[in-house]
Amino acid sequence: MTDRPLVRMTGIGKRFGGVHACRDIDLTVTAGEVHALLGENGAGKSTLINVLSGVITEHDGTIEVDGESVSFAGPADAQRAGIATIHQELDLVAGLSIAENMFLGREPRTRLGTVDIRRMRRQAEAHLRTLGADLDPRRLVGSLRVGEQQLVEIGRALSLRARVLIMDEPTAALADAEVERLFATITELRRAGVGIVYISHRMAEIELIADRVTVLRNGTVAGTVDPRAASRDDIIQLMVGRSVDALFGEGRNEPGDVLLDVRGLAVTPRRPVPGRTEPAGVDLTVRSGEIVGLAGLMGAGRTELLETLFGAGGSGRRAGQVTIGDRPYRPGGPRAALARGVAFVPEDRRGAGLMLEHSVADNVVLSALSSLTTLGLVRRPLVRRTVAEQLTTLAVKAASPSIPVATLSGGNQQKIVFAKQLLMRPRLLLLDEPTRGVDIGAKAEIYHLLHRLADSGMAILLASSELPELLSLCDRVVVLHRGRTVAVLPRASATQQAILAAANGDDVKESR
Amino acid sequence: MNPPNPTTVAASPPETPPRRRAIRLPKDRHAIVDNFFRFQSLFGLVAVFLIAIAVSPSRNGENVFLSSGNLANIVRAVSEIGIIAVGMTFVILIGGIDLSVGAVLGLAAVGSATLMVDSGLGIVPTVLIVLFIGTAFGATQGAIVARLGIQSFIVTLAGLQAARGIARMWSGGLGIPIAYGEGPQEAPEAFSLLSGSINGVLPVPALIFLAIGVGALLVLRSTAFARHVYAIGGNEKAARLSGVPVRRVRVTVFAISGLLAALAGIIHAGQLNQGSPNDGAGYELDAIAAVVIGGTSLAGGSGSMGGTIAGALLLGILNNILALNNIDANVQLVVKGLVIVAAAALQRLRPRIA
Amino acid sequence: MNPPNPTTVAASPPETPPRRRAIRLPKDRHAIVDNFFRFQSLFGLVAVFLIAIAVSPSRNGENVFLSSGNLANIVRAVSEIGIIAVGMTFVILIGGIDLSVGAVLGLAAVGSATLMVDSGLGIVPTVLIVLFIGTAFGATQGAIVARLGIQSFIVTLAGLQAARGIARMWSGGLGIPIAYGEGPQEAPEAFSLLSGSINGVLPVPALIFLAIGVGALLVLRSTAFARHVYAIGGNEKAARLSGVPVRRVRVTVFAISGLLAALAGIIHAGQLNQGSPNDGAGYELDAIAAVVIGGTSLAGGSGSMGGTIAGALLLGILNNILALNNIDANVQLVVKGLVIVAAAALQRLRPRIA
Amino acid sequence: KDGGDGGTDASAQCGSGKEFLIGMSQANNAEPYRQVMNDDVTTAAKSVPGFQVVVSDAAQDNSKQVADVENFLSQGINLLIISPNEAKPLTGVVKKAYDQGTPVIVLDRKVEGDAYTAFIGGDNVAIGKAAGEYYAKTLLPQGGKVVEISGLPGSTPAAERAQGFREGIASNPKIEIVATQTAEWLREKGQSVMDAMLKAQPDIDAVYAHNDPMAEGAYLAAKAAGKETAIKFTGIDALPVASGGIKAVEQGRLQATFQYATGGREAIDLAKKILVDCTKDVPKSTTLGTMQITKDNAAQAYTELGGKQ
Ligand SMILES: Nc1ncnc2c1ncn2[C@@H]1O[C@H](COP(=O)(O)OP(=O)(O)OP(=O)(O)O)[C@@H](O)[C@H]1O
Ligand SMILES: Nc1ncnc2c1ncn2[C@@H]1O[C@H](COP(=O)(O)OP(=O)(O)OP(=O)(O)O)[C@@H](O)[C@H]1O
Ligand SMILES: [Mg+2]
Ligand SMILES: [Mg+2]
């Protein structure tokens with residue numbers, strides 16, 4: 001009985017204009033398994049599961065559910081067939097509450113036909129609690145942090161009571177504690193016979209929970225392996241067609257002078273915004289040529305700190321001192337920050353990083369326009385050349401610089417944000433979750449790039465929720481807890497345990 | 001364990017015991033703040049109301065603005081715009097706009113008069129036919145928006161012209177007066193109730209407006225339909241992915257707007273004892289102003305019906321107090337412009353979301 | 001290598017070895033398809049143009065529609081709307097809307113007449129002052145939108161009222177006729193050029209419209225400012241974080257719209273030999289229709305100036321051919337509505353994203 | 001109650017040396033004709049001691065005009081002058097005012113029934129007819145092709161001026177109306193409509209416009225086509241202001257225009273009789289005549305009608 005797959009996809013193909021996103025792909029999902037889908041950015045993972053979840057209705061190939069051939073006219077059809085999906089990009093309605101989002105399109109009704117708000121809230125809260133999220137279901141989703149929104153998405157998929165659950169990078173915005181909780185839930189679901197398709201770029205997660213791994217490359221299946229039998233290198237080899245050289249622990253140059261000096265930075269917002277942790281006593285320094293990591297739990301205030309340094313944070317009274325080079329720096333706004341050589345890659349690339357409908361080229365050159373114009377006129381050949389170089393440098397996979405960014409895969413979109421800021425040749429680069437959703441090969445490229453940038457004298461301050469990333473990449477790790485610096489760990493003493501302990505606020509006293 | 005229905009197991013939010021009393025929700029700051037700002041659309045209204053009292057002329061020691069007759073007049077005067085604005089709120093919530101409402105009002109007014117006076121129909125069939133025409137007109141516009149993906153601004157701008165043209169053709173270009181009585185070419189007496197009032201105090205159109213407003217407020221609070229409306233306006237893709245019938249909701253929303261515009265047209269005919277094809281010109285802008293002053297975002301996805309009602313009343317009070325003080329018509333235009341901006345600015349005090 | 005221009009250096013991405021030949025971009029299908037659809041706004045225009053030729057009456061065997069005098073008239077008739085629509089395109093591209101343009105046109109027409117006739121100013125100071133007034137009016141609206149964060153629909157709706165009120169107060173409510181001559185109460189003869197034509201063929205207002213249109217087209221193609229405009233409409237937050245001076249661009253855009261509306265008002269006064277405070281009513285809707293028919297999205301971020309020009313001409317041809325065929329005014333309204341929707345539907349043929 | 005009752009309350013308070021608030025409810029301020037009417041009323045009222053006039057603008061909206069009158073009543077005006085946007089819709093509120101004892105003078109457009117104190121207005125059919133007769137006898141005695149540029153479709157004056165004109169030209173069957181297009185009372189629309197007419201209609205002899213601004217717009221179009229002398233233009237209204245039709249006739253652009261009197265001064269005269277002189281029986285209805293204005297009498301008429309140079 002377990003042999004009969006819940007879902008069988010055969011010969012799936014999908015083209016977007018000239019791009020063959022998927023080509024003749026076969027995939028099965030059986031009850032009680034976690035079937036991991038791996039592949040580089042743009043390999044076609046999301047496209048494939050969009051076919052399965054009814055988002056893409058025109059495609060080649062067939063889908064069988066329980067042995068019966070089906071054809072979905074829309075996402076609702078797939079849901080009815082028992083297929084629930086957590087999409088890669090957070091697709092929630094900001095103006096509705098958590099509960100309303102979770103039950104959107106299938107609201108429980110009272111006998112009068114009105115929405116049974118209490119039942120909705122109760123169930124929403126129960127689902128969230130299993131994920132370890134203590135959120136008031138009445139809160140508007142727009143006021144949630146990205147990580148919390150991700151939990152809401154997961155909660156919604158769970159509440160669908162599906163037999164097949166598709167998760168497209170569900171942990172991209174989650175911190176370790178939530179990830180653990182999610183895995184516990186996945187284990188439970190697996191035990192209950194749910195078939196799970198799991199997409200992630202985090203190899204460690206795959207090794208932890210996958211029963212079967214299918215690797216996609218350039219829209220085709222490169223191979224299906226048993227993760228317990230295959231080594232990480234084998235899988236990576238399948239993914240990128242070569243082995244990825246050691247990312248970590250390269251020899252580094254000696255850092256130079258202190259470039260960024262932050263002392264006692266605190267922001268008292270004029271009107272507090274729920275869910276934001278403004279800096280409340282941050283001390284840190286970054287030297288030129290140095291990569292400094294920012295660690296902390298979800299909501300520790302890393303994002304807010306970076307935003308404040310870039311002048312893009314909330315308004316309010318500011319205390320403390322910030323110095324860049326040897327001149328005091330009062331972050332006045334993104335423009336002023338860029339003029340002082342400070343660049344910022346925000347964590348929410350779709351909301352804050354990109355003009356999705358605009359072309360790749362237009363996005364890349366937006367910040368640096370003033371250096372690409374004469375008398376206010378854009379120098380097209382120069383722009384074209386610059387964009388081409390930048391895309392090559394970052395190995396962006398895009399059919400052409402003139403296609404809309406929205407059609408790029410998630411990881412490649414991230415690289416575009418990156419490219420835009422690097423064009424400004426900043427002295428200080430602020431990065432917020434720069435490798436979220438980026439594939440392992442691209443990640444390696446980004447790490448190399450960061451090293452090169454640091455070696456050329458750039459100072460880099462990087463917030464990340466992936467501890468291994470911080471540990472391998474950074475010269476020092478600054479740990480935040482509730483908006484204040486609680487520990488500064490040099491590379492030698494930075495371990496996973498030490499960071500986590502500090503992040504949980506365990507040694508707040510010590511560090512005072 | 002062999003559960004009869006595997007689906008249920010997988011889904012049931014792992015083990016919530018069927019407690020009798022709902023979980024006590026933590027009295028959470030966020031929710032309170034959110035709710036507080038839901039009522040914020042009232043700020044502007046209250047402010048304008050207080051100012052109106054303060055600057056009102058008085059007559060025989062009585063505050064003219066506060067006299068019950070005057071207050072009733074205000075509500076009566078805004079009732080048509082208010083009813084239209086209620087429908088417009090739905091449209092704007094899904095991120096659309098309906099410029100055709102004023103013309104549909106004119107069409108409905110002509111229809112009411114023609115059907116009763118020329119065709120000799122009774123009140124009920126007349127009202128039903130006219131409401132049907134308005135609904136169908138709105139639904140057609142909605143279908144064009146939803147099917148062809150054309151921006152509603154342009155569809156309803158075209159609809160405006162079309163409705164106006166049809167109304168003029170139907171009426172022969174002239175207003176059709178409504179006389180009451182039993183004879184031919186006369187409308188049933190009962191129709192004139194629309195220009196009367198309850199107990200001589202509450203004008204019937206005001207009553208209808210308030211009833212529609214409260215009804216819509218409840219609909220927007222309590223129905224799944226309303227959630228779908230907000231969802232489409234807030235994030236259409238998310239709505240579609242969640243299985244919301246986006247097209248159907250769109251068509252329904254424009255149909256509602258057409259329906260309410262037609263209702264306003266019937267009231268218009270009843271109040272003025274005439275169906276004139278040119279009436280209602282520019283009402284769309286007033287209605288939109290009421291909606292926006294009420295705090296609904298033209299980008300869609302956020303706003304409230306209470307705000308719209310407050311916005312309509314605010315505009316009514318403004319018109320009234322300017323008139324009571326005999327402000328020159330041209331100065332009035334300027335002052336009104338300033339107050340509208342100020343009222344909108346007040347709405348902006350609400351905290352912003354990301 | 002030591003490039004003489006430091007700008008170039010700053011631009012070159014870090015760590016790219018100074019390669020001599022740039023990477024050859026693949027000549028790919030997308031670019032071709034994209035370019036094809038750039039010109040798609042012309043489809044509707046061409047279609048309407050062909051239909052107009054087909055249904056035009058003929059006189060002495062000559063196609064009346066195609067006669068050069070008639071074509072010139074069409075462009076003259078749309079020139080004011082067209083100039084306004086050019087400014088409106090910028091506003092709509094940043095996701096805003098400007099409802100005040102018709103009233104600003106009226107204000108500018110009154111200003112032109114008053115300053116020349118009553119104040120006895122020459123043409124140059126008059127034009128400069130009027131253009132300044134329009135620009136300042138637009139910039140003020142832009143500043144309110146940018147600073148207070150109020151939706152431009154509401155700000156410019158208020159602006160509409162204010163401009164209309166000011167124009168009426170300034171003129172005493174009546175049109176101010178412009179007589180030409182040297183005496184007091186007379187305007188310089190040269191001003192009447194605005195109602196003339198070049199070589200008796202190309203009307204001056206049409207020429208101005210085309211010049212402005214082409215200029216704006218180039219601006220939108222080639223300047224950094226234009227890219228900022230598109231960026232703000234595409235994703236305001238991303239634009240701000242990318243260092244785009246969002247507020248300044250916003251204010252500038254509304255200032256341009258006010259400037260061009262004032263220019264249209266000057267032309268209006270010149271064409272009609274009169275400055276009337278009530279003129280220009282409803283022009284804003286025609287201008288918006290032209291922009292949207294031209295394929296610019298009301299959501300901002302995408303559209304083209306060529307489309308707007310095509311859209312304005314389309315509307316002009318439509319009005320003209322309906323009048324040439326002596327179609328009943330009411331039928332005209334309905335037909336116009338349908339054609340607008342059809343034209344907009346044509347635009348939708350462009351491929352959609354995601 | 002009979003019609004006389006309306007005046008009773010007011011006459012109880014009437015008399016000289018008192019203050020009176022007069023509400024003037026105007027249908028809209030956008031038409032020059034109505035602006036001049038307002039000016040006539042306010043100017044005339046200035047010469048009556050104790051009169052204060054407040055003017056409201058209904059902006060072409062029947063409902064707004066009802067509200068305007070109600071606001072006047074809330075304020076306790078002593079007399080109402082109203083120029084209704086349309087007859088039927090304003091009948092109710094006018095009756096309400098009248099029944100409350102406020103004297104009501106209706107200008108330009110009648111309301112239904114007789115619940116008002118007095119009506120003063122012109123006769124659009126008669127004016128149209130006068131224009132038609134002028135065409136038949138003076139302008140085109142040999143007949144010819146006439147283009148009619150009409151006012152806003154659906155407005156009574158447009159319909160009546162069209163009807164009267166046809167009655168007027170009936171005596172000369174050689175006059176043919178070859179096209180009718182609306183320019184919605186507007187000068188610029190008059191221009192663009194005429195542009196098309198000039199293309200579509202060969203040999204136009206004259207343009208009959210329902211008001212002077214549209215006639216002027218048509219003239220501009222003809223001028224651009226070099227036909228301004230071949231075609232004759234006439235308008236209606238003859239407002240004694242700088243931008244009005246009398247000046248256009250005087251300066252030779254229009255052949256003739258026909259006065260449509262505002263009745264503003266007459267209304268104030270009447271108000272003075274009612275409020276100050278305590279006159280009980282004022283004439284219920286006064287029809288103002290028209291005046292044909294051609295080059296011969298234009299200058300004189302301008303001064304006579306109170307135009308400022
Ligand atoms: N709507 C679309 N229009 C055009 N091209 C598209 C569209 N969606 C996806 N593509 C292209 O299809 C290919 C596969 O994209 P897909 O999103 O499936 O990649 P992915 O494997 O999910 O990558 P990632 O790991 O970055 O999320 C990419 O080249 C992408 O550019
Ligand atoms: N209520 C809110 N209003 C405005 N912005 C918010 C709100 N809540 C969160 N944000 C912003 O949303 C983004 C996402 O925050 P996220 O949940 O990712 O925090 P995090 O990165 O996990 O924690 P940290 O604060 O440590 O960075 C941040 O830019 C944050 O400032
Ligand atoms: Mg993906
Ligand atoms: Mg963060």
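Side-chain atoms are counted along with the backbone in the values below, which use heavy atoms only and exclude waters and symmetry mates. Note on naming: letters A, B, ... go to the chains in the order of the sequence lines (proteins, then strands), and numbering restarts at 1 for each one. Keep in mind that what you see is a predicted model, and the values were worked out from it rather than measured.
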At a cut-off of 3.5 Å, what donor and acceptor atoms pair up between chain B and chain D?
from    : atom 1 : to      : atom 2 : distance (Å)
R59(B)  : NH1    : L73(D)  : O      : 3.2
R59(B)  : NH1    : S74(D)  : O      : 2.9
R76(B)  : NH2    : E70(D)  : OE1    : 2.7
G173(B) : O      : G154(D) : N      : 3.2
I178(B) : O      : K88(D)  : NZ     : 3.1
H268(B) : ND1    : S63(D)  : OG     : 3.3
Q274(B) : NE2    : E86(D)  : OE1    : 2.8
Q274(B) : NE2    : E86(D)  : OE2    : 3.4
S276(B) : OG     : E86(D)  : OE2    : 3.0
N278(B) : ND2    : P153(D) : O      : 3.2
D279(B) : OD1    : N62(D)  : ND2    : 3.1
D279(B) : OD2    : N62(D)  : ND2    : 3.1
Y283(B) : OH     : D61(D)  : OD1    : 2.9
Y283(B) : OH     : D61(D)  : OD2    : 2.9
Y283(B) : OH     : S63(D)  : OG     : 3.4
N320(B) : ND2    : N71(D)  : OD1    : 2.7
A323(B) : O      : Q75(D)  : NE2    : 3.2
N326(B) : OD1    : Q75(D)  : NE2    : 3.2
N326(B) : ND2    : Q75(D)  : OE1    : 2.7

Below 4.5 Å from any heavy atom of chain D, which atoms of P277(B) appear? Answer side chain, backbone, both or neither.
-> neither
Identify which part of L90(D) has an atom lying under 4.5 Å from any heavy atom of chain B, answering side chain, backbone, both or neither.
-> neither
Honestly, the part of A77(B) sitting under 4.5 Å from a heavy atom of chain D is side chain
Mind checking whether V54(D) and I22(D) have side chains closer than 4.5 Å, heavy atoms only?
-> no
Is there side-chain contact between V41(D) and V55(D), with heavy atoms separated by less than 4.5 Å?
-> no
Can you name the residues that form a side-chain contact (heavy atoms from CB on, under 4.5 Å) with A200(D), not counting sequence neighbours?
-> L324(C)
side-chain contact (heavy atoms from CB on, under 4.5 Å) against V178(D), all qualifying residues, sequence neighbours excluded | K145(D), V147(D), E176(D), Q201(D)
Among G76(D), A87(D), A59(D), A67(D), residue most engaged with chain B (heavy-atom pairs, under 4.5 Å) = G76(D)
Residues two or more places apart in sequence or in another chain: which of them pass ring pair (Phe, Tyr, Trp, His ring centres under 6.0 Å) with F119(D)?
-> none
Can you tell which part of I178(B) gets under 4.5 Å to a heavy atom of chain D, answering side chain, backbone, both or neither?
-> backbone
Decide yes or no for V106(D) and P84(D): does some side-chain heavy atom of the first lie under 4.5 Å from some side-chain heavy atom of the second?
-> yes
So how far is it from L79(D) CG to I105(D) CD1, rounded to the nearest 0.5 Å?
-> 4.5 Å
Just do the side chain to side chain contact (heavy atoms under 4.5 Å, CB included) check on F51(D) and V276(D) with the steps written out, would you?
-> CA-CA 10 Å; F51(D) 271 18; V276(D) 182; 3.8 Å; yes
